[in-house]
J.: 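Can you read through this structure? Questions will come right after.
Every heavy atom of this structure was used, including side-chain atoms; hydrogens, water molecules and symmetry mates were not. Below, chain A is the first sequence line, B the second, and so on; all start at residue 1.
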Number of protein chains: 2
Amino acid sequence: MKEKEQKILDASLNLFVDKGFHGTSTAKIAENAGVATGTLFHYFKTKEELINCLYLSTKESMLNEINDNYDNKKDIKENLKNLWLKSVKFCTKNPQKFQFILIFQYSPYITSLTKKQIETQTECMIETYIKGIEKHEIKEISFEFAMDYFWGNITSTVNYFRKHPEELNEKTLDQVFELFWDGIST
Amino acid sequence: MKEKEQKILDASLNLFVDKGFHGTSTAKIAENAGVATGTLFHYFKTKEELINCLYLSTKESMLNEINDNYDNKKDIKENLKNLWLKSVKFCTKNPQKFQFILIFQYSPYITSLTKKQIETQTECMIETYIKGIEKHEIKEISFEFAMDYFWGNITSTVNYFRKHPEELNEKTLDQVFELFWDGIST
DNA sequence: TATTTATTAGATTGATTAGTCAATTTATTA
DNA sequence: TAATAAATTGACTAATCAATCTAATAAATA
């Protein structure tokens, strides 16, 4: 009955975002999931393993959405804009998942998962980056920095829209993307 | 003997960054500070108060350094570059403080301190922003978004240099600032 | 000097925690 | 159907936690 595993993950996401990792007891997670504590530890050996599993599944759901509808025949700016828009939209539509990724990323006590695994990149992004460099349309920066710049921009953009939801419309999104593009383009 | 208070704050900073808020017990803080637990609770009524005090003192030390040597007679780009450089340098020179500000900012269980208080801005930044808008040198965006864009850029820049310390030199800093400037300037 | 006040100590407390375990139910297979 | 395996339960435990309390000491004041 894998549905219980999913219910545990769902309950965890909401509790971790509201109360933090250590502020959320395994007993509370089990209660919210409608499950006994023993069941929780049947599916996840430790609390830490649960947190890591939740991170991986959350990241996966985000990447799946971002990779969707990618068309490598379009030009570089359009491809990048689509990746950027899909990222912003995923994060604003899934505030809990977005917040969880943030707190996980900066959380000091999740050491078991290698930091490498945390880096979020997709084939589409690598392809767009390489083409952008080849055609001299984006600045000559390393892929690693381009990624940090991209996610840093997504984070601050989404954080801004979270504080000012009335600004979230196509026109503002276009403006903010132009700001990002003006930075990274040659 | 206010030195004990400072020792408690110092020990807290290191432990919180290494082990997280809940991963760090008050007993451990007292031990690392060379102080009894009773002393800790003499200076800080609760653990939460200690965390908030540490955040305020950490933020203050950062803002002091950023505001230093500000010269409003220089032109906008130069002023902004100085603010940007001083921010990046403070964060790379004080990785513990930088990391603490990050984990505090995204921490869900610190609710007592209003979110407004968290926003980091200085007189210099407001002045530079206003002049930039007036002279049409920076794009017509709100101050709030400009701030989010600024700190998002600092964060991704410092995170990048943390992973690639060999890249931390004046030339790269100039390049990365140009990327930031190209985004925000008209 | 005598008295009060601030500081420091650490053992103690009651609550909470992650994780266990033996017992029971449900699903699978032979 | 019978036997085995997997899933589920929740009471339980040993450890750990933030915070308290009493007592002792140092500093300030009169």
Side-chain angles (χ1 to χ4, degrees), chain A residues 1-58 96 100 103-104 106-113, chain B residues 1-58 96 100 103-104 106-113:
Chain A
M1 304 283 152
K2 287 276 161 154
E3 65 174 291
K4 301 224 171 190
E5 195 180 341
Q6 191 56 50
K7 280 192 174 169
I8 293 167
L9 287 171
D10 291 344
S12 298
L13 178 68
N14 291 316
L15 285 167
F16 286 150
V17 167
D18 284 355
K19 309 280 182 187
F21 293 135
H22 283 87
T24 302
S25 66
T26 49
K28 194 77 194 167
I29 295 170
E31 189 195 319
N32 279 34
V35 147
T37 63
T39 308
L40 189 152
F41 285 99
H42 172 74
Y43 284 107
F44 307 97
K45 276 207 295 288
T46 64
K47 189 183 179 183
E48 196 172 321
E49 186 183 303
L50 164 63
I51 296 172
N52 286 336
C53 284
L54 180 60
Y55 174 72
L56 290 175
S57 81
T58 305
Q96 301 283 89
F100 175 75
I103 62 173
F104 182 90
Y106 294 119
S107 155
Y109 27 88
I110 312 299
T111 51
S112 61
L113 207 71
Chain B
M1 304 282 153
K2 286 278 162 158
E3 66 175 288
K4 301 223 172 190
E5 195 180 342
Q6 191 57 51
K7 279 191 176 170
I8 293 168
L9 287 172
D10 291 344
S12 298
L13 178 67
N14 291 316
L15 286 167
F16 286 150
V17 167
D18 284 354
K19 309 280 183 188
F21 293 135
H22 284 86
T24 301
S25 66
T26 49
K28 194 76 195 171
I29 295 170
E31 189 195 318
N32 278 34
V35 149
T37 63
T39 308
L40 188 151
F41 285 97
H42 172 74
Y43 285 106
F44 306 96
K45 276 206 295 286
T46 64
K47 187 184 179 182
E48 196 172 320
E49 187 182 304
L50 164 62
I51 295 172
N52 286 337
C53 284
L54 181 60
Y55 174 72
L56 290 175
S57 81
T58 304
Q96 302 284 89
F100 176 76
I103 64 173
F104 183 90
Y106 293 119
S107 156
Y109 27 87
I110 311 299
T111 52
S112 61
L113 207 73

J.: Report the distance from atom CG of B/Leu40 to atom C1' of D/dC17, rounded to the nearest whole Å.
T.: 13 Å
J.: Provide, to the nearest angstrom, the distance between the NE2 atom belonging to B/His42 and the P atom belonging to D/dT22.
T.: 17 Å
J.: For the CZ atom of B/Phe100 and the CZ atom of B/Phe21, what is their distance to the nearest 0.5 Å?
T.: 4.5 Å
J.: Based on the rotation axes of five pairs at each end, what angle does the helix from C/dT1-D/dA30 to C/dA30-D/dT1 bend through, to 10°?
T.: 10°
J.: Mind calculating the distance between OH (A/Tyr43) and P (D/dA6) to the nearest angstrom?
T.: 13 Å
J.: Tell me: NZ of B/Lys28 to P of D/dA18, nearest whole Å?
T.: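 After rounding, the reported distance stands at 13 Å.
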J.: What is the distance, to the nearest angstrom, from the CZ atom on B/Phe44 to the P atom on C/dT8?
T.: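 It works out to 12 Å between those atoms.
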J.: Rounded to the nearest Å, what distance is computed from the NZ atom of residue A/Lys7 to the C1' atom of nucleotide D/dA7?
T.: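 In whole Å, D/dA7 C1' and A/Lys7 NZ are 15 Å from each other.
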J.: Could you give all pairs that pass the salt bridge (charged side-chain N to carboxylate O under 4.0 Å, His left out) test and reach residues 36-45 of chain B, with sequence neighbours left out?
T.: B/Lys45-B/Glu49
J.: Please tabulate, for side-chain N and O atoms in residues 7-17 of chain A, each donor-acceptor pair with protein atoms closer than 3.5 Å (sequence neighbours left out).
T.:
{"unit_1": "A/Asp10", "atom_1": "OD1", "unit_2": "A/Gln6", "atom_2": "NE2", "d": "3.1"}
{"unit_1": "A/Ser12", "atom_1": "OG", "unit_2": "A/Ile8", "atom_2": "O", "d": "2.7"}
{"unit_1": "A/Asn14", "atom_1": "OD1", "unit_2": "A/Gln96", "atom_2": "NE2", "d": "2.8"}
{"unit_1": "A/Asn14", "atom_1": "ND2", "unit_2": "A/Asp10", "atom_2": "O", "d": "3.3"}

J.: Could you state the interatomic distance from CD (A/Glu5) to NE2 (A/His42), rounded to the nearest 0.5 Å?
T.: 9.0 Å
J.: Tell me the salt bridge (charged side-chain N to carboxylate O under 4.0 Å, His left out) pairs involving residues 31-40 of chain A, sequence neighbours left out?
T.: A/Lys28-A/Glu31
J.: If I take atom CG from residue B/Asn52 and atom CZ from residue B/Phe104, how far apart are they, to the nearest 0.5 angstrom?
T.: 4.5 Å
J.: Strictly under 4.0 angstrom, non-hydrogen atoms only: write out the protein contact profile of nucleotides 9-20 of chain C, one letter per nucleotide from the 5' end, B, S or -.
T.: BBB-----SBBB
J.: Going by side-chain contact (heavy atoms from CB on, under 4.5 Å), name the residues that satisfy it together with B/Ala27, two or more places apart in sequence or in a different chain.
T.: B/Ser25, B/Thr37
J.: Counting N and O atoms only, with roles assigned by atom type, does the side chain of B/Lys4 sit under 3.5 Å from a partner on the main chain of B/Gly34, one being a donor and the other an acceptor?
T.: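 Side chain of B/Lys4 to backbone of B/Gly34, a donor-acceptor pair under 3.5 Å: no, none is there.
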